[in-house]
Amino acid sequence: MIETRYDFKQIEPKIYKKWLPHLKIKKQKSKQNAESDKSLSAPKGLSFGIVFLMAPPNITGSLHLGHSLENTLIDILVRYYRMKGQTPVWLPGIDHAGIATQNVVEKELRKQGISRFDLGREKFIEKCWEWKEKYGNIILDQFKKLGITPDWSRVKFTMDKKYVESVEKAFIEYYDKGFIYRDLRPINFCPRCKTGLSDLELEWKPEKGKLYFIKYPVKNQGFIVVATTRPETILGDTAVAVNPKDVRYKNFIRKTAILPVVEKEIPIIADIRIEPNFGTGAVKITPAHSIVDYEISKRHSLKLANVIDENGKMINANEFNGLNYLDCREKILEELNAKNLIEKIEDYVHEIPHCDRCKTAIQVIPSLEWFVKMGELAKIAKNAIQSKQTLIIPNKYKKPYFDWLKNIRDWCISRKLWWGQSLPVWFCQNQTGRENLEIRNSKFEKKLNANFVVSLTKPKKCPLCKNCEMVRTDEVFDTWFSSALWSFATLYTPQEKKWYPAFMVSSARDILHLWIMRMIFSGLFFKDKAPYKVAFIHPTIQTKEGKRMSKSLGTGIDPLDLIEKYGADALRFGLIWQMSDKQDLRFDEMHIITGKKFATKVWNATRFCSMQNLEIKNQTPKIETEFRFSVKMTNKNSKLKTLSVADKKIIKEFNATLKFVEKNILVYAFAQALQTLYSFFWNDLCDNYLESCKGETKNNPKILKDIIENSLKMLNVFMPFFTEELWSSLDKKQLLLFEKWPVAL
RNA sequence: GGGCGUUUAGCUCAGUGGCAGAGCGCUAUCUUCACACGAUAUAGGUCGUUGGUUCAAUUCCAACAACGCCCACCA
């Protein structure tokens, strides 16, 4: 007997407990798993095993709606394939998220008035582990509330011992194959986090400033005027550059300018990177404090003059030493003014990079860091998509993927953070390898690479000086270096190792480059196979007003609140209902209400059906037996007489719906599938057919039962909880989770 | 600066070379024995702007505009 009301708050947790023991993939059924069912149309030209990778959420806090959408859509596929008799394997996990987690833990400490430096490195890392234990579990619980069905016995964490080992091995393999080098070069440095950042971890914001036009004296030729926003970096200038085609400066090229204040001779060079139409068309080159200048300086073999340190203080700057760079700017301007070397000052708004995580303005300073050469890897990444080893869906994301690879820089993979996986690099204590690094010459690289060894374990004897106890570097990996290996580093056991490559991964588009692309070339580099066949990019969830959803802006919506209010089924319905292949999704709560109402509708229709059947049973038990054959009756030559016009109509409509839903699930058009199912159930089934069953019933009652039960099976992949509950109310022995996907009637 | 996307009912969005659709909201009626989280009926749109192709354009093409996102970073 079916209850009159469905109480999701009570029932959802109860149902999840029923599923839980069955989510563990015990044994891979040898041939049955991959490619067994030919009717499953894989994307053209692909054969596949049904392995899904969860994009491991950061342990920084709780989940957001993007996670809910992403994992709901994978769950739909997983449930679908499971009902199709496959053994889908969905591998869950969480990410240690180096800089992000370090920052939230620091924030927590700041509330108590302490910094990580007060605590010390070791204690701080302990705090991070405590954080991980707490929030890692919270996140997993949140997923369970959403009703998703990964194999929870295989949760991986990017700082698991085995995982870290894979990361170290990958570094060593890259290093041995010549893909990794160490270099002193300007990097984006966050003065607050005290670490370097990659280009992808910056946030650009406009800021009001001044553009100073400064006269640099040229030997025997008067002046050349350069425009700059940062006069203090004059101290680090090693050249003035103009565009080779710029006729105004034709006679200045290869001449010598006198650097003001410093009174040093610097060359005037020609480089195509200089834009003639901006400023004066002449640019001061400060290789140590500008990434673009550094690139120019490399082409012209210029020296690196480091004049600002990690704290924004002046160094190697004589009388200016120790000054904050802004104070230094004032002094320099005073001096230039005294010498009448300032032509003019204009107001100027320009984009300043900030730390993506803590929003502090970035300083560009030279630092010794580790880099991965991207040339070859970019080719691998490009080829994987071009050769269709991996499909990016929707197709439109291929273009940004390729564009990014065109002008790719080498990847800085070291971070000077505390929370993370440290590099397997051991330093000799008797050779610093750091002398005279400002001078770029043939000995430069030798010296740079003369004082360390790359090794998984500590060398017993220092191979360099034969004498010291080597010390492991305290540098850690960029989190993305580690998560780039996610597709195979999570496979610990021999059985798990067979699950490479996976079938599918899904993410929002903001990590297409950070994660998706890097995972693709990493997989191909280390395992010779692309890590998955399908990278599905789902829309980014915005507020209803089209604003970014973010906790700090107060525009975020907690999925748990919605589950509390409407239930997980309704949340899943609402998210999928709104999902299109557009790049954004403006989230509106009303669609969740629609989901909630729909669940009630289905609940009541099923209840009506079961009451009808009960009546039949009680009154005329013989009819029921007769109707058992009804499914077959629809075949051409069978007793069509027992079917009414309405019966035939609803069967036809059901079959069309089934076909459409299945087709759309397989092309990731989940919203279309769900909307079709919705209107079939509500309009065709409830409004028309079911109404026609009332009164003097000429319809075949078995048809109603069949259609409702088969609809529940289809609905189950979208809204698993209440459909499962209904199923058990219908006295079914087996969980709906394991029922077979319906076939046409 | 380069690229991408969006623009259809009050709101969030489907959709189509030939009477414009859904959900929510609104209005009216109905507590009829599955469901008021319901039923029935109604109102609401020159389908961003301007041109072009076509017998016919909301749909195809071009330009423009607004909004959003990504990439670059010009000192």
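First the proteins, then the strands, lettered A, B, ... as listed; each starts at 1. Owing to the predicted nature of the structure, the values given are computational and were not obtained by experimental measurement.
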With [atom1] as the reference atom in both, quote the distance from [N] to [M] in angstrom, rounded to an integer.
N       : M       : atom1 : result
rG21(B) : rU8(B)  : C1'   : 10 Å
rG44(B) : rU53(B) : C1'   : 33 Å
rC64(B) : rG2(B)  : P     : 12 Å
rU50(B) : rC69(B) : C1'   : 27 Å
rC24(B) : rA62(B) : P     : 38 Å
rU32(B) : rA39(B) : C1'   : 9 Å
rA9(B)  : rC47(B) : C1'   : 10 Å
rA75(B) : rG48(B) : C1'   : 40 Å

Could you pull out all donor-acceptor pairs under 3.5 Å where a side-chain atom in residues 225-235 of chain A meets a protein atom, sequence neighbours excluded?
residue: T228(A); atom: OG1; partner: R230(A); partner atom: N; Å: 3.0
residue: R230(A); atom: NE; partner: E232(A); partner atom: OE2; Å: 3.1
residue: R230(A); atom: NH2; partner: E232(A); partner atom: OE2; Å: 3.3
residue: R230(A); atom: NH2; partner: Q363(A); partner atom: OE1; Å: 3.4
residue: E232(A); atom: OE1; partner: R329(A); partner atom: NE; Å: 2.8
residue: E232(A); atom: OE2; partner: R329(A); partner atom: NH2; Å: 3.1
residue: T233(A); atom: OG1; partner: R230(A); partner atom: O; Å: 2.7
residue: T233(A); atom: OG1; partner: K284(A); partner atom: NZ; Å: 2.5

query: Near RNA chain B, which residues from residues 394-401 of chain A have a heavy atom under 4.0 Å away?
result: K399(A)
task: Mind running a 4.0 Å heavy-atom check of residues 721-729 of chain A against RNA chain B and sending the residues that fall below it, in number order?
output: none
task: Start with the C-alpha gap between D706(A) and K702(A), add the side-chain angles, then the distance that decides, and say whether salt bridge (charged side-chain N to carboxylate O under 4.0 Å, His left out) holds.
output: CA-CA 6 Å; D706(A) 276 350; K702(A) 184 67 169 61; 2.7 Å; yes
Using a 4.0 Å heavy-atom cut-off across all strands, classify [X] as base, sugar-phosphate, or nothing.
X       : answer
Y348(A) : sugar-phosphate
K582(A) : sugar-phosphate
V226(A) : nothing
I291(A) : nothing

- request: Would you check if F587(A) stacks with the base of rU12(B), given a 5.5 Å centroid limit and a 30° plane limit, both strict?
  value: no
Would you say [X] places a side-chain N or O within less than 4.0 Å of OP1 or OP2 belonging to [N]?
X       : N       : answer
K601(A) : rA39(B) : yes
S580(A) : rA14(B) : yes
R5(A)   : rC35(B) : no

query: Once each nucleotide of nucleotides 19-33 of chain B is scored for protein heavy atoms under 4.0 Å, what B/S/- sequence comes out, 5' to 3'?
result: ----BSS--------
message: Could you work out, with ring pair (Phe, Tyr, Trp, His ring centres under 6.0 Å) as the rule, every residue matching H300(A), not counting sequence neighbours?
response: none
Base of rA34(B) paired with side chain of E691(A) (donor-acceptor, under 3.5 Å): yes
query: Could you spell out the base pairing of RNA chain B in dot-bracket, with Watson-Crick or G-U pairs whose two distances are under 3.5 Å, [ ] crossing and | to another strand?
result: (((((((..((((....[..))))..((((.......))))......(((((..]....))))))))))))....
